[in-house]
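Below: the structure, in structure tokens.
Treat the numbers as computed from the prediction; the structure is a model and nothing was measured.
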Amino acid sequence: MKAQMPGNMQNMLRQAQKLQKEMTQAQNKLNETVFVGEAADEMVKATFTGDHKLKDITIKPEAIDPDDPDMLQDLIIMAVNDAMQQIAQQTQKTLGQYTSGL
């Protein structure tokens, strides 16, 4: 004999499954979103997907000074950090709605 779940419990389970499906879809969409981080005057651009994968890096020729490699390193760090911040903000905005009550 199969035990019956109370109606309220079934509704809660259905809502949880729906919420999980929506979260998965939102995460997948976020992972496919492109984020472009930029350094000063767009000297360096770093392009990432929402799942933190570097897809492209663009460096303007004038950013390459053989006598000052530290400047180029700093510009790359700035561009990467800018993209990471954008991803973090969008992730919080997108997924925070699902986790705010937990």
Side-chain angles (χ1 to χ4, degrees):
M1 187 148 123
K2 189 174 181 182
Q4 290 286 347
M5 261 195 264
N8 199 18
M9 187 67 133
Q10 285 179 333
N11 286 339
M12 285 177 54
L13 184 59
R14 258 189 240 116
Q15 287 175 343
Q17 289 170 338
K18 180 182 176 196
L19 184 63
Q20 177 152 10
K21 182 178 178 183
E22 289 174 3
M23 280 181 65
T24 300
Q25 290 173 339
Q27 181 68 57
N28 289 340
K29 184 177 179 184
L30 181 64
N31 289 348
E32 294 171 1
T33 303
V34 173
F35 297 87
V36 179
E38 298 177 355
D41 297 326
E42 299 181 355
M43 296 288 272
V44 175
K45 291 183 181 182
T47 304
F48 285 84
T49 54
D51 56 353
H52 300 90
K53 292 184 180 167
L54 180 63
K55 293 298 183 182
D56 189 30
I57 191 159
T58 305
I59 301 171
K60 288 187 175 181
E62 55 268 26
I64 304 169
D65 181 352
D67 296 326
D68 191 5
D70 290 341
M71 181 186 73
L72 180 55
Q73 292 169 356
D74 290 344
L75 291 171
I76 292 170
I77 290 169
M78 286 172 58
V80 168
N81 285 340
D82 183 39
M84 291 298 116
Q85 183 178 6
Q86 290 177 42
I87 293 169
Q89 288 173 343
Q90 188 61 44
T91 299
Q92 177 59 39
K93 183 179 174 185
T94 301
L95 300 179
Q97 64 184 331
Y98 297 107
T99 59
S100 63
L102 300 177

Under 3.5 Å donor-acceptor pairs involving side-chain atoms of residues 74-94, not counting sequence neighbours:
| unit_1 | atom_1 | unit_2 | atom_2 | d |
| --- | --- | --- | --- | --- |
| N81 | ND2 | I77 | O | 3.4 |
| D82 | OD2 | E38 | N | 2.9 |
| D82 | OD2 | Q86 | NE2 | 3.3 |
| Q86 | NE2 | V36 | O | 3.0 |
| Q90 | NE2 | T94 | OG1 | 3.0 |
| T91 | OG1 | I87 | O | 2.7 |
| T94 | OG1 | Q90 | O | 2.8 |

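- Other residues, nucleotides and ligands place more than 12 heavy atoms under 6.0 Å from the CD atom of E22.
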Using residues 48-66 as the side-chain source, report each donor-acceptor pair under 3.5 Å to any protein atom, sequence neighbours left out, with the distance given to one decimal.
| unit_1 | atom_1 | unit_2 | atom_2 | d |
| --- | --- | --- | --- | --- |
| T49 | OG1 | D51 | OD1 | 2.3 |
| D65 | OD1 | D67 | N | 2.9 |

Checklist entry - Should Y98 and L19 be marked as a side chain to side chain contact (heavy atoms under 4.5 Å, CB included) after you check the CA-CA gap, both sets of side-chain angles, and the distance that decides it? => result CA-CA 8 Å; Y98 297 107; L19 184 63; 3.2 Å; yes
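- Between atom OG1 of residue T24 and atom NZ of residue K29 there is a gap of 15.0 Å, rounded to the nearest 0.5 Å.
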Checklist entry - Can you check side chain to side chain donor-acceptor pair (under 3.5 Å) on E32 and N28, steps first, answer last? => result CA-CA 6 Å; E32 294 171 1; N28 289 340; over 6 Å; no
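- Once rounded to the nearest 0.5 Å, the distance linking CE of M23 with CD of Q97 reads 9.5 Å.
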